[in-house]
Amino acid sequence: MLLRHCEKLLKGVAFNPLCSIQSVGLKYFAPPINYDHVEPAERPKLRMFEKVPQYPPNLRPPKMQKKLRFMRGPELVHNTLLHKQYGIIATGGGRLRWGHLEMLRLTIGRKMDTNRMFAIWRVQAPWQPVTKKGQGQRMGGGKGSIDHYVTPVKAGRVILEVGGKCEYAEVKGFLENVAAKLPFKAMAVSQEMLDQMKAEEERREEENINPFTMKYVIQNNLSGCHKWVSPVDYKWFGKYH
Amino acid sequence: MSNFAQKALLQARLPLAEFRRFRGKINIQRPRQPHYERARVVAVTNPIYPAPPTNQNCFKESEHKLKTKIHNPYNDIIAREVRNWFEQSKMVAIFHENSITSDDLFKVRVALHRENMQLKSYGLAVIKNALENTKFEAVLSLFCSHHSIVFSSEAKVARLLRITKRTPQLILIGGIVENTLLSKNEFTNFASMPSLPVAQAQLVSVLNSAAGQIVNNLESHQKSLVNMLDAHAKREDGTGDSSTQSGSSGDNTDAKKD
């Protein structure tokens, strides 16, 4: 009798592919992550920024208006991770002082493993002057003198990147720790998280069944909204202020 | 009249839009609450998403989990080994394994090892991987619970049955002997059968006996004729001979009598 004729033997045996029986299985040890594509950086640690920008000796440091537009709206240029690994992004606008940058530099330099990881800045050194009048000064008498310098940051800007032969779980702790100390809302992200956030946003926009979006309302002046919308609403349609 | 001109024409009207040169700076960290009119529009333009389907199957998630299993390359290696065991063994016996202590199982293992048999058990996934799309595919339906498989390079079925008789926890459900799948009953029948050389000898003897029968049948007439002729010839010779013999014997008897 050949094996082909054996079905009749097995008629009584009920075979359920979904039946699951607890039994000892093989332990799965995943192969180590391949980091061949990661190029080592020549400087693992963050560079120290100058507290005050250097001007030529014949030039008086210029004073500046507040220029809120430097921190208003979305960041359109520096919003992706160059190394496609991990980093901190600002989720709201704000200004970084030299002290914040030092805090980032020192904490990350201390917490990360410099043999495997590296960190790079994605923001400039403080360049925008902020003036202050001295204490107890009466009003008037012109603009105050420069007190400190700041780096304005828009929502979505990458502040710094961390990379190397490491997983997100390794850097998440200290990145979130320092992100919480920044003077604006910021978060630690990985490239996967950024991709997910982008996809999620697209999905939400696609699945929205409300025909009246802010963009439609503003562009078509529904209920006379042009009376009260602000100039930035024509640009960002209520998403940013 | 002059009053009207003064009121309607000469008096400057306030402009609709009021410009202030230095409007206050906005707070970027904490935007102010929207005006009532704007808040109303914001409420209307809030995104609406279709409600998730209520008829979703609660087994869907587990199904998804089943589908997204990690592929373990070590499984493939073990599966190759299992396929090799199946292909190289003359006898494979599949047992359902009830609750058994490892001490008892060890005793069985030792007894089987003395007979050069191997007691093995593998995961369902490994066995599926090993036997799918091979000639052993039909065996797969036997593996749906705890099992153990005995592999042997010789078809010592009777020995195997004698060893496993002592452990009622191992229940035979089928086996493969020399590339033939056998049910439990066929397996036990096989054990009672003689070994192959003996069976072959029996067959040869049966064949030989048939040939001898034919020869006998064909020769029977001639033989009987020869026998009869022989008998006749003997009788003819035998009359003289018998007289002489009887005479001589008679002589002898006479002599004795004498």
Side-chain angles (χ1 to χ4, degrees), chain A residues 1-10 13-21 23-31 66 68 71-72 92-95 152 154-155 183-185 204-205 207-218 222-225 227-230 232-233 237-238 240-241, chain B residues 16-17 25-32 34-35 37-38 40-42 44-50 59 62-63 66 69-75 77-78 96 121-126 128 134-147 173-174 176 179-186:
Chain A
M1 194 176 64
L2 286 173
L3 278 177
R4 264 184 247 120
H5 302 294
C6 58
E7 272 88 358
K8 64 181 176 204
L9 297 177
L10 308 169
V13 183
F15 180 64
N16 183 4
L18 277 175
C19 80
S20 61
I21 295 149
S23 58
V24 181
L26 295 176
K27 179 85 182 141
Y28 176 64
F29 294 102
K66 285 195 174 69
L68 294 183
M71 34 181 186
R72 260 180 124 165
R95 282 164 162 181
K154 288 182 183 177
F184 42 79
K185 279 180 186 147
R204 291 184 82 82
E205 202 169 315
E207 286 182 7
N208 182 14
I209 52 172
N210 190 353
F212 297 105
T213 57
M214 203 54 164
K215 188 173 180 181
Y216 183 81
V217 167
I218 289 171
L222 294 195
S223 75
C225 67
K227 263 187 170 180
W228 48 261
V229 292
S230 89
V232 294
D233 286 335
F237 302 109
Y240 300 94
H241 292 283
Chain B
L16 274 173
K25 300 280 186 278
I26 65 150
N27 185 345
I28 287 167
Q29 312 279 345
R30 200 173 58 82
R32 69 181 160 82
H35 184 263
E37 193 74 5
R38 189 189 172 100
R40 217 160 48 160
V41 172
V42 167
V44 168
T45 57
N46 268 342
I48 303 169
Y49 301 105
F59 294 110
S62 63
E63 217 171 90
L66 277 176
K69 264 190 179 167
I70 311 160
H71 175 249
N72 188 353
Y74 186 51
N75 262 347
I77 296 169
I78 301 285
H96 172 76
S121 53
Y122 299 99
L124 187 62
V126 171
K128 233 183 206 174
T134 63
K135 60 179 175 178
F136 302 105
E137 203 168 11
V139 188
L140 273 180
S141 38
L142 294 177
F143 298 104
C144 74
S145 64
H146 290 284
H147 62 266
I173 46 178
I176 303 169
N179 284 334
T180 309
L181 181 60
L182 303 177
S183 69
K184 188 195 168 185
N185 292 338
E186 284 168 335

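So you know, we letter chains A, B, ... as the sequences are listed, proteins then strands, and number each from 1.
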Less than 4.5 Å to any heavy atom of chain A: does that hold for the side chain of B/P50, its backbone, both, or neither? both
Can you tell me if NE2 on B/H35 sees more than 12 non-hydrogen neighbours from other groups inside 6.0 Å? no
Specify which of A/R204, A/K66, A/K185 makes the most heavy-atom pairs with chain B at under 4.5 Å. A/R204
Measure across B/I28 and A/G93 and return the closest heavy-atom pair with its distance rounded to 0.1 Å. CG2-O, 3.8 Å
Does the side-chain contact (heavy atoms from CB on, under 4.5 Å) test come out yes or no for A/I209 and B/Y49, once each step is laid out? CA-CA 6 Å; A/I209 52 172; B/Y49 301 105; 6.0 Å; no
Checking A/P183 against chain B: side chain, backbone, both or neither under 4.5 Å from a heavy atom? backbone
Applying side-chain contact (heavy atoms from CB on, under 4.5 Å) to B/T45 and A/F237, what does each step give before you reach the verdict? CA-CA 11 Å; B/T45 57; A/F237 302 109; over 6 Å; no
More than 12 heavy atoms of other residues, nucleotides or ligands under 6.0 Å from OH of A/Y216: yes or no? no
Could you give the distance from CD (A/E207) to CD1 (B/I48), rounded to the nearest 0.5 Å? 13.5 Å
Between CD1 of B/I26 and CE of A/M71, what distance do you get to the nearest 0.5 Å? 8.5 Å
Which region of B/H96, side chain (C-beta onward) or backbone (N, CA, C, O), has a non-hydrogen atom less than 4.5 Å from a non-hydrogen atom of chain A, or is it both or neither? neither
For chain A, which of B/Q29, B/R38, B/K184 has the most heavy-atom pairs under 4.5 Å? B/R38
Residue B/N185 versus chain A: region with a heavy atom under 4.5 Å: neither
So, for A/W228 and B/E37, which heavy atoms are closest and what is the spacing to 0.1 Å? NE1-CG, 3.4 Å
